[in-house]
S.K.: 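Take this structure, written in structure tokens, and hold onto it; I'll ask about it next.
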Amino acid sequence: MPALPEPLGSRTDLTPADVAWLSLLQADWQIIADLSFADLVLWVPDKDGEGFWALGQMRPTTGPTALVDDVVGSFLPAGKRQLLDVALREGRIAREGDPEWRDDVPVRVEAIPVRRRDRHGSRVIAVVARNTNLQGVRTPSRLELSYLQTAGELTRMIAAGSFPFAGERSDHTDSPRVGDGFLRLDEVGAVTYASPNALSVYRKLGLKGDLAGQHLSTITRALVPPQLRVDEETLSAVLGARMARDTELATGTATVVLRSIPLRPAGARTGGLVLLRDVTELRSRERELITKDATIREIHHRVKNNLQTVAALLRLQARRIGDGAGREALEEAVRRVGAIAVVHETLSQTFEEAVEFDAVADQLLALVSEVGSREESVRVRRTGSFGTVSSDIATPLAMVLTELVQNSLEHAYPEGRAGAISVDAQAGAQQLVVRVDDDGVGLPAQFDVAASSSLGLSIVRTLVGELGGTLEFRPGPARGTRVELVLPVSWRDR
């Protein structure tokens, strides 16, 4: 359920249901602002009756603004603007005779009560102030008259509590706006007015003649083949503007999103509004992105398979070599290649270029324990969470974690000694902290990680430096050794 922003939450008597209704209105009021050529401000009454708080503001994209500054969060004392008081008290649209002058600009103000109905009745919960910049007013065109007429009907529906429509909203990324294409229908579904942009959209669907006077349902069905119609029930509802619905139509050359809004200013349906948008290029780009995502995931999958093949070959080669440095080197190579393969396997299963690293870490710990089977008496476990990391960071982090755990397995537990290794990760707001603790024999005297000739520690030092992090070896809290890796949070956003 939506919530009021502070400090408004404690200064009004709005219920969660009221806030949800206002949120639904704000999701759709760009339509009303554009049709009205006016700025809208949503005012909610103070719980003590001392005035109004500005909850939201919307500027038109079809005309000049009447409000240069934002007023959201401001307070208007009772009596300062009597139109708001009248609309709230009497539940009717209040208009003033003379315009206000703001910064040498004449502004006409109207106050529209926002009514919410429920099973207990109805009440006015807020007021929308419609502010129209009158500078440069001229004789309105047919398009402007159609816009204003429709805006007037929608505002009367707001005052009656019949707009917005529950479950329908126009704040989605591909929802059509007034300027994309505007159709006005009568009560039987015939087009009484089509904006030039709407006509252009229908031209792309294959229309040769005009839209005015045509039944939108009949002419659209003639343009869209039956096999390309997704939902006939929704299509009929939208093309007749009988219900608040949206749908998408596609031909071989164009894709169009349509949204219908029934108009019932006095209760009975007088017609409807249909907004439409040509999304052909948008859908084309989406298909390209899907194809690219699939290609990238397939590449990760093939890289993982190839790495696993390499690891298998190295493992076979290690079995042909007797115990000694050569075999140990090949086993280490198997482990390192396997760690990289785990990351690519995870990336091949997601559409995002990011990794939930906890699952990767668990696979890596199991892999290290399996490859280093002679240390099977040592238990390895993970606590905490790494969070989500970007794909270009996942591989070096996986390598570092693998090397640190393997280092503990090899050096902390001589002669088959049993023990436990703990990997704890804490992803905070500023940094990621990873601690690898063992309860083994502890660090050698005068141990210096920077001077160590170990290949594994050399790899760790290099990768941690590239990530901009720090690495510290020190005695464990009780016994053994603790290795603490600290990475700045900025690396997670690369």
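Throughout, residue positions are numbered sequentially from 1 according to the sequence presented. Atoms considered below: every heavy atom in the structure, side chains included; atoms not considered: hydrogens, waters and symmetry mates.
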S.K.: What distance do L143 atom CG and T62 atom OG1 have between them, rounded to the nearest 0.5 Å?
M.R.: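 Reported value, rounded in 0.5 Å steps: 9.0 Å.
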S.K.: Which is it for S146 and R142 under the side-chain hydrogen bond (donor to acceptor under 3.5 Å, both in side chains) test, yes or no, and what are the steps along the way?
M.R.: CA-CA 6 Å; S146 297; R142 189 180 175 197; 5.1 Å; no
S.K.: With rounding to the nearest 0.5 angstrom, report the CG to OG distance, L148 to S36.
M.R.: 7.0 Å
S.K.: Please report the C-alpha distance between V257 and R283 in whole Å, then the side-chain angles of each, then the deciding distance to 0.1 Å, and finally whether the side chain to side chain contact (heavy atoms under 4.5 Å, CB included) criterion is met.
M.R.: CA-CA 11 Å; V257 172; R283 294 293 180 263; 3.9 Å; yes
S.K.: Enter the distance from L205:CG to T251:OG1 here, rounded to the nearest 0.5 Å.
M.R.: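 Rounded to the nearest 0.5 Å, the CG-OG1 separation comes to 5.5 Å.
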S.K.: How close do A250 and T255 get, counting heavy atoms only, and between which atoms?
M.R.: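 What the structure gives for the nearest pair is CB-OG1, 4.0 Å.
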S.K.: Tell me whether E233 is salt-bridged to R245, with the criterion being a basic N under 4.0 Å from an acidic carboxylate O.
M.R.: no
S.K.: Give the intermediate values and the outcome of side-chain hydrogen bond (donor to acceptor under 3.5 Å, both in side chains) for residues T61 and R177.
M.R.: CA-CA 10 Å; T61 62; R177 300 292 187 256; over 6 Å; no
S.K.: Run the ring-ring contact (aromatic ring centres under 6.0 Å, His included) test against F182 and tell me which residues pass, sequence neighbours left out.
M.R.: Y147
S.K.: Determine whether V71 and L76 satisfy the following criterion, side chain to side chain contact (heavy atoms under 4.5 Å, CB included), listing intermediate values before the conclusion.
M.R.: CA-CA 10 Å; V71 299; L76 189 67; over 6 Å; no
S.K.: Take atom CD in E472; do more than 12 heavy atoms of anything else shown fall under 6.0 Å from it?
M.R.: yes
S.K.: Check V464, V405, V434, T395 against V400 for a side chain to side chain contact (heavy atoms under 4.5 Å, CB included) and give me the one that passes.
M.R.: V464
S.K.: Taking 4.0 angstrom as the limit, do K204 and D278 come out as a salt bridge?
M.R.: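 Salt bridge flag = yes for D278 with K204.
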S.K.: List the steps and the verdict of side-chain hydrogen bond (donor to acceptor under 3.5 Å, both in side chains) for D34 and Q30.
M.R.: CA-CA 6 Å; D34 289 344; Q30 181 70 68; 2.9 Å; yes
S.K.: Please round to the nearest 0.5 Å and tell me the distance separating atom CZ of R435 and atom CG of L404.
M.R.: 14.0 Å
S.K.: Do I31 and I261 have side-chain heavy atoms sitting under 4.5 Å apart?
M.R.: yes
S.K.: Is a salt bridge present between R259 and D180, judged by a nitrogen-to-oxygen distance below 4.0 Å?
M.R.: no
S.K.: Take L88 and F52 through the test side chain to side chain contact (heavy atoms under 4.5 Å, CB included) and record every step on the way to the result.
M.R.: CA-CA 10 Å; L88 180 66; F52 297 86; 3.7 Å; yes
S.K.: To the nearest 0.5 Å, what is the distance between CZ on F386 and CG on D424?
M.R.: 8.5 Å
S.K.: Apply side chain to side chain contact (heavy atoms under 4.5 Å, CB included) to R117 and S162, showing your working.
M.R.: CA-CA 8 Å; R117 298 182 179 275; S162 55; 6.0 Å; no
S.K.: Does this structure show an ion pair linking R482 with D437, if we count only N-O contacts that are shorter than 4.0 Å?
M.R.: yes
S.K.: For the residue pair W53 and F75, categorise the inter-ring angle as parallel (less than 30°), tilted (30 to 60°) or perpendicular (more than 60°).
M.R.: tilted
S.K.: Side chain of S236, backbone of E232: donor and acceptor closer than 3.5 Å?
M.R.: yes
S.K.: Can you confirm whether L397 sits close enough to V360 that some side-chain heavy atom of one is under 4.5 Å from a side-chain heavy atom of the other?
M.R.: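 Answer no - side chains too far apart.
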S.K.: Supply the atom-to-atom distance L235 CG to T247 OG1, rounded to the nearest 0.5 angstrom.
M.R.: 6.0 Å
S.K.: Please check if the number of heavy atoms outside R381 that lie under 6.0 Å from its CZ is greater than 12.
M.R.: no
